[in-house]
Structure formats: C-alpha cells, structure tokens
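As structure tokens, the structure follows; a few thoughts come after it.
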Amino acid sequence: MFIRFLVCFVFAVAIASVDCNSEGDALISWKLKLVDPNGVLQSWDPTLINPCTWYHVTCNVNNSVTRVDLGNAGLSGPLVPQLGTLANLQYLEVFANNLTGTIPIAIANLTKLVSLDLYQNQFSGPIPESLGNLVSLSFLRLNSNKFSGILPVKVIQLVRYGNLRILNVSDNQLAGTVHRKTTSGFAVTKIIQDPIAQK
C-alpha cells in the first residue's frame with residue numbers, strides 16, 4: 001500500500017513540475033530567439049522548476065507568471081507565439097528595445113492581460129484584430145513602431161466592451177481616423193494617433 005502511495009505521489013509531483021515548467025519553456029523559447037547584449041536574461045535558467053526566481057519575471061502565489069518586465073533592456077529579436085501560453089500573464093512590458101517582426105496572433109490568448117507595452121521598438125505589419133479579444137486590457141501602447149494598415153475596429157471596441165483606458169498608436173504608418181465619439185456613442189478615454197492619419 002505504501003509503495004502504491006509513493007508511486008502516485010511521485011507521479012503527481014512530476015506532472016505538477018511539468019505543468020509549472022511549461023511557462024518556463026515558453027519564456028526560454030523566446031530567450032533563444034533574442035539577442036541580449038547586456039545579459040539581462042542571464043538568470044533565465046531552464047533547469048529550474050519554474051521561472052519565478054528569474055529576474056524580470058513576477059509570479060503569483062501559485063507560481064504562475066503574471067509579469068514580464070523587460071523595458072529598455074537592449075533586446076532585439078521577435079516576440080514568439082509561445083508567449084500566448086502564459087495563461088495568467090497580466091503585464092507584458094517590452095518597451096524601448098529593438099524588437100522586430102509582427103505581433104503573434106497567439107498574444108490574443110492572454111485574456112488576463114492588463115498592460116501590453118510594445119512601444120519604441122521596430123515591430124511592423126498590421127495590428128492583429130485578435131487583440132480585440134483582450135477585454136481585461138487597460139493599457140495598449142504600440143506607439144513608435146512601424147505598424148501599418150488600419151487600426152482594427154475590434155481593438156477600438158475594447159474601449160466600449162472592455163477596460164481600455166490608454167490606446168497609443170502614434171508614430172507608426174497607420175491609416176484612417178479614430179474619432180473621440182463615434183455613431184455608436186462610445187467615448188474614448190484616450191487615443192493617441194498619428195497627426196497625418198487624423199486628416
């Protein structure tokens with residue numbers, strides 16, 4: 001009986017470790033795509049049971065990642081789709097780096113995200129419509145990148161149906177205009193856009 005209990009206990013711990021480390025795996029997959037000349041990701045060790053002891057990562061009481069703070073860290077490279085598996089992530093702060101590429105569609109899986117700060121990078125391509133699924137988002141700062149196309153209506157509707165307070169898309173290559181009040185009657189707390197697009 002004791003041996004059966006011990007086997008079950010070891011199996012349960014192994015499953016819990018794999019589950020906890022899946023967030024570490026997602027962050028390590030991102031680290032492997034980044035150039036880190038200042039060594040800010042040096043503490044990101046894949047052999048640890050979870051990433052909660054890593055610098056620039058904050059976890060909740062259940063050892064699940066809630067924050068990634070890598071603003072002004074000198075990083076270059078892309079965001080990776082695996083970041084979309086960080087189910088409890090509330091803050092993704094990667095502003096003022098040299099990050100490139102597009103916003104992965106999988107970022108829209110981060111339904112608990114409160115702040116997405118991608119400003120002052122080199123991101124390009126369209127702003128994904130799927131970001132409109134992030135109804136917990138209060139701050140969406142995408143300014144000073146190379147985004148192009150139009151701002152998706154679904155993203156703008158986060159003001160009406162979500163918690164969005166700040167939407168900054170200035171200093172990009174976007175087209176179109178967002179008015180403070182639309183025919184649907186919802187008011188925007190603050191939208192900052194390119195002066196050229198406002199004409």
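Values below: all heavy atoms of this structure, side chains included; hydrogens, waters and symmetry mates excluded. We count residues from 1, following the sequence as given.
Within the 4.5 Å cutoff, the side chain of N109 has no heavy atoms near those of the T85 side chain. Between W44 and V57, some side-chain heavy-atom pair lies under the 4.5 Å cut-off. With a 4.5 Å cut-off on side-chain heavy atoms, L118 and L99 do not count as touching. Here the side chains of L89 and L113 are in contact, with some heavy-atom distance below 4.5 Å. Contact of the Y91 side chain with the V114 side chain is registered, since non-hydrogen atoms from C-beta on lie closer than 4.5 Å. Between V80 and P104, the closest side-chain pair of non-hydrogen atoms is not below 4.5 Å. Residues L75 and V94 have side chains not in contact (no heavy-atom distance under 4.5 Å, counting atoms from C-beta outward). D171 has its side chain out of reach of F147: every pair of non-hydrogen atoms, C-beta onward, lies at least 4.5 Å apart.
Hydrophobic clustering (ILVMFWY, side-chain heavy atoms < 4.5 Å, transitive): L34 and F95 are in distinct clusters. Taken together through direct or relayed side-chain contacts under 4.5 Å among Ile, Leu, Val, Met, Phe, Trp and Tyr, W30 and I105 form parts of separate hydrophobic clusters. Side-chain heavy atoms closer than 4.5 Å link hydrophobic residues (I, L, V, M, F, W, Y) into clusters, and following such links, even through other members, never connects Y161 to I156. Following chains of ILVMFWY side-chain contacts shorter than 4.5 Å, one can reach L70 starting from L32, so the two form part of one hydrophobic cluster. Transitive grouping of hydrophobic side chains (ILVMFWY, heavy atoms separated by less than 4.5 Å) brings L79 and I28 into a common cluster.
When all heavy atoms of E93 and D69 are compared, the pair lying nearest together is CG-OD1, 3.3 Å. Closest approach of A73 and V40 over heavy atoms only: CB-CG2, 3.9 Å. Of all the heavy atoms in C52 and S64, the pair that sits closest is SG-N, 4.4 Å. When all heavy atoms are compared, the tightest approach of L151 to L167 is CD2-CD2, 3.7 Å. Taking every heavy atom of both residues into account, L27 and L83 meet most closely at CD2-CD2, 3.9 Å. In this structure, L134 and I107 approach most closely via the heavy-atom pair CD2-O, 3.8 Å.
Shown here is I150, whose CD1 atom has no more than 12 heavy atoms of other residues, nucleotides or ligands within 6.0 Å. Atom NZ of K33 has 12 or fewer heavy atoms from other residues, nucleotides or ligands within 6.0 Å.
A donor-acceptor contact shorter than 3.5 Å is absent between the side chain of N88 and the backbone of K112.
Between the side chains of N121 and K146, no donor-acceptor pair is found at a separation under 3.5 Å. Defined by atom type and a distance below 3.5 Å, a donor-acceptor pair is missing between the side-chain atoms of Q90 and S115.
Relative to the ring axis of Y119, R141 does not place its NZ or CZ within 45° and under 6.0 Å from the centre.
If you run side chain to side chain contact (heavy atoms under 4.5 Å, CB included) between L140 and each of L164, D117, I127, only L164 comes through.
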